[in-house]
Amino acid sequence: MLINESLKEPFKPFENKVWLASPTMHGLELEYMTEAYKTNWMSTVGQNINEVETLISEKVGVKYGVALSSGTASLHMAVKLAGVKPGDKVFCSDMTFDATVNPIVYEGGIPIFIDAEYDTWNMDPIALERAFNLYPDVKVVVMAHLYGTPGKIDEIKEICKKHSAVLIEDAAESLGATYKGTQTGAFGEYGCISFNGNKIITGSSGGMLLTNDEKAANLVKKWSTQSREPAPWYQHEDLGYNYRMSNVIAGVVRGQFEYLEEHIEAKKAIYDRYKEGFKDLPISMNPYDNEICEPNYWLSCILIDEEAMCNQKRTDSVATYEPCSGKSCPTEILEAIDMLNAEGRPIWKPMHMQPLYKDNIFVSVEGKGKLLDVGGDIFNRGLCLPSDNKMTVEQQDVIIKVIKKCFG
Ligand SMILES: *Cc1c(COP(=O)(O)O)cnc(C)c1O
């Protein structure tokens, strides 16, 4: 539904769709896949898997990597390793993809959502400290690095240490990003990454659990292959899963790995061009502190200044707005992008706003005499822009122009 008709006239839709973030293949992927085929290692065992585990764990700087079928599977394994039992409360990021928190529920745990902060859009350490004061018995924290920007991981790690809590890092979106020179995924007891089709590098699907703990790595290898015990028959003592990565998928990841830095450069160029293009508009980009971290720039996002927001309403399933000169809102901009045959996306709707988790506890901090809802505010005023590596400079210029028009 197009509400603001005046956006239509001057812009012709792109002939080929510009995606939010689509796979970028280079050829090498096919060679490693073909190798798996020709040697008949068409299974969850093989050279590609071994190589991918070595390449990624060395890159991130941890001792062990276990290749799995998805990022979600790696988070599930991490939650099991952390010892979450039915009824256990677990602190986790609130503004994130639901795959960050669902694995807690798979194990019967109860997610408690920790609000985001405005500096990196990730878990707020002050809210986390507050949560530990309210629920001192909590022993596990799951934090995500959103859109490729590292969160305030030093502070979060320190708080976890103080309260003897296990830290699980959801680095699904941030492979290759660094914080004070260290890769995300290397800070927690367990790090989780994803090779889903829209991530910075992909296997079409896939994930990996990272850890320095050899016993934990071996347990995940066992659990993810149906928990077979060493015996002449199928002997089972633990509950098992079919979570191992395929050697064909691993071939794709292995080929992509060589291009990780190239992808990050392309994403950074996209981010910088948007930033430059928007410098006179009442909007800001998803922020980071360049003295502390280097994001992987997976998605470029914007946040509209409060004063520049037109009236926008969102129910559980529809969004509407009132066009207003000089002002705009995510709904209007997403419509305008869609009209160009390009793909944008709202910010991850915070977990405490999801019907699935409406009864769960949400912990935030106070500001201006009331409890804040930073995640809700960023969801309301923010959106993700087309951030595909294959978008041309000309296409991006048109997207920037259309967004300028929204504020016209
Ligand atoms: C993509 C993603 C996941 C899940 O990864 P899959 O490989 O799709 O299972 C988890 N957390 C976050 C933050 C993600 O973006």
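Numbering of ligands and ligand atoms starts at 1, following listing order.
- Close N/O approach between W298 and ligand 1 is not found [any backbone or side-chain N/O within under 3.5 Å].
- Each of the atoms 13 (C) of ligand 1 lies under 4.0 Å from some heavy atom of T96.
- Atom 5 (O) of ligand 1 has its closest protein heavy atom at S194 OG, 3.2 Å.
- When each atom of ligand 1 is checked for a heavy atom of N196 under 4.0 Å away, the hits are 7 (O), 8 (O).
- Salt-bridge formation is not detected for the pair K327/E332: no Lys NZ or Arg NE/NH1/NH2 atom is positioned less than 4.0 Å from an Asp or Glu carboxylate oxygen.
- The shortest distance between side-chain heavy atoms of K199 and W298 falls below 4.5 Å.
- For the 3.5 Å distance criterion, the side chains of Q183 and T178 fail to qualify, holding no donor opposite an acceptor.
- Contact annotation for S70 and ligand 1: heavy atoms of both the backbone and the side chain come within less than 4.0 Å of the ligand.
- Contacts of L146 with ligand 1, taken as heavy-atom pairs under 4.0 Å, are absent altogether.
- Using a cut-off of 4.0 Å between Lys/Arg side-chain N and Asp/Glu carboxylate O, D316 and K349 are scored as salt-bridged.
- The nearest protein atom to atom 11 (N) of ligand 1, hydrogens excluded, is given as D170 OD2, 2.7 Å; this is a heavy-atom distance.
- Taking a cut-off of under 4.0 Å to the non-hydrogen atoms of L75, the atoms of ligand 1 that pass are 10 (C).
- Within the structure, ligand 1 has G206 among the residues with a heavy atom less than 4.0 angstrom away.
- For the atom pair CG (D170) and CG (L75), the distance works out to 4.5 Å, reported to the nearest 0.5 Å.
- Residues D388 and K390 are paired through a salt bridge, judged by an N-O separation under 4.0 Å between the basic side chain and the carboxylate.
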